[in-house]
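The block underneath contains the structure these notes are about, expressed in structure tokens.
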Amino acid sequence: MTGTPPAPVKQIHLAAHFPGVNNTTVWSDPRSGSQIDFASFTHLARTAERGKFDFFFLAEGLRLREMKGRIHDLDVAGRPESLTVLAALSAVTTRLGLAATVNSTFNEPYEVARRLATLDHLSGGRAAWNVVTSYDAFTGANFRRGGYLAEADRYSRAAEFLHTARELWDSWADGDLVADPAAGEFVRAGAGTFAHRGRQFDIAGRFNVPRGPQGHPVIIQAGDSDEGREFAAADADVIFSRHSRLEDGRAFYKDVKSRLARHGRRPDELKILPAVTYVLGDTEQDAAERAAEIRRAQVTPRNALVFLEGYWGRDLSGYDPDGPLPDIEPDLGEGVSKGRAQFRGDRGEVVRTWRALAAERGLSIRELVIETTGRQTFVGTARTVADQIDEFVRTDAADGFVFVPHLTPGGLDDLVDHVVPLLQEKGVFRTDYTGPTLRDHLGIGGPRARKEAS
Ligand SMILES: Cc1cc2nc3c(=O)[nH]c(=O)nc-3n(C[C@H](O)[C@H](O)[C@H](O)COP(=O)(O)O)c2cc1C
């Protein structure tokens, strides 16, 4: 035989987002369950593991969103703390990666590093950390350091936070475990010793959790700004992106992957996974009808008005959601919406664009919100959805996806039962896990290897 063997087929990475508090969750569906009962987390995580997903992802919100002092409807449900939930899930799963969103602005590296190292031990090497940077004073009011951080400083703190956490994890070498309890020698001399002197952190001492099975947990990044992309190119293993359209996805993918070389990294060392949704039907038409129904359930008449109020900066409760857009001009002063949903762009410009779109297409308030917010990514039969997913990854618009189901806790069942087997048949998704750790699932080298090499 001559010639080179065919290139291996690019493999898809799949992750599951727990819907819980989320503006796409359909609470009115009779199948909707609790967002806080452990049974809900277990159901979704076990479904993802049955589907051989890479990881299970929990978002974080450190303050309930508000609109003019009223709590955002979808936040009333509350949100439990991620690392605690994941520690419990590590006991009812065996292979699934467990990813927690943890803020780098309102926490301290020592505490976060030990909690993640602990999760990595408890789960046998399955921990991941989504580093987010919320800086706003509204969220900060819940913390000792409330609001002290200028927006411009959030990524420099995030980078130093992550580098400090790595120093703590690296302060133990492999095998620095209990040496000889009989001799009363519990740690090898030097294990855990660290000293970090930087602009954000000035800490020294001994780190009290031995090196985890992965060395470092997998690092995820979800910001989209230039600084966010640069931070990911330098330091992250995975990007959780919002670029879920084919063309847009390809442009983002190309941009971020081209940044890696400057940091001495190969393109495949960073996986790009956009947040996506899906709707299945028996036929294309059936799926499209279901997708439209789900959009209407997500954008209730009240949600449509509340959404618009965030842009108009005014009370719009007197307007008919099924009528035309408000005839009054937006109040462009201080925003009325606070929290993670806060809008940071040019609201006046957005309102002008919407007026033009609504006039051109004859859209009501509710129809406009349905049209301009979060359409489903993959809609079709199991077969056509599997084909779309494959095309996306094959043409470098993504390395895989974080699926955000619209139902808690059964929202992934159809995907795992009907679409995953087709991806496996195509040879583009694993039929079983090939290793125990999340780094194994993602096919990314571990920092343990880098440390040994150095
Ligand atoms: C898909 C996606 C998911 C995110 N999830 C969270 C989250 O759960 N909690 C949070 O505080 N921020 C979350 N963020 C916000 C970002 O991580 C980041 O802090 C924010 O986008 C600001 O960074 P940027 O200016 O670089 O975009 C998310 C962003 C994206 C794109």
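Counting convention: from 1, in listed order, for ligands and their atoms alike.
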- Message: Out of the candidates R126, H441, R430, only one should pair with D54 under the side chain to side chain donor-acceptor pair (under 3.5 Å) rule; please name it.
- Response: R430
- Message: Below the 3.5 angstrom mark, is there an N/O of E60, backbone or side chain, next to an N/O of ligand 1?
- Response: yes
- N/O separation below 3.5 Å, S134 to ligand 1: no
- Can you find a pair of side-chain heavy atoms, one from L44 and one from F56, that are under 4.5 Å apart? yes
- Query: Taking both backbone and side-chain atoms of T133, is any N or O found less than 3.5 Å from an N or O belonging to ligand 1?
  - Reply: yes
- Note on the structure: Across all chains, not counting sequence neighbours, the side-chain contact (heavy atoms from CB on, under 4.5 Å) partners of S104 are V131, T133, A158, F161
- Using distance alone, decide if ligand 1 has a nitrogen or oxygen within less than 3.5 Å of any nitrogen or oxygen in S241. no
- Message: Checking the N or O distance criterion of under 3.5 Å, is ligand 1 in contact with D224?
- Response: yes
- Close-contact set for ligand 1 against T101 heavy atoms, below 4.0 Å: 7 (C), 8 (O), 9 (N)
- Message: Just to be sure I'm reading this right: ignoring hydrogens, which of Y155, F240, F57 gets closest to atom 23 (O) of ligand 1? Compare them by their nearest heavy atoms.
- Response: Y155
- Message: Could you check whether R63 makes a cation-pi contact with F138, meaning its NZ or CZ is under 6.0 Å from the centre of the six-membered ring and within 45° of the ring axis?
- Response: yes
- Item | Listed once per pair and sorted, the ring pair (Phe, Tyr, Trp, His ring centres under 6.0 Å) pairs that draw on residues 367-399, sequence neighbours left out | F378-F392, F378-F401, F392-F401
- Which heavy atom in S225 sits nearest to a heavy atom in Y155, and how many Å separate them? OG-CE1, 3.7 Å
- Run down the list G228, S104, S225, A59 and name the one with the heavy atom closest to atom 26 (O) of ligand 1. S225
- Contact region, R154 to ligand 1, non-hydrogen atoms below 4.0 Å, reads side chain
- Test item: P213 and H121 side chains (from C-beta on) under 4.5 Å apart, heavy atoms: yes
- Which is closest to atom 30 (C) of ligand 1 in terms of heavy atoms, S82, A222, P274? A222
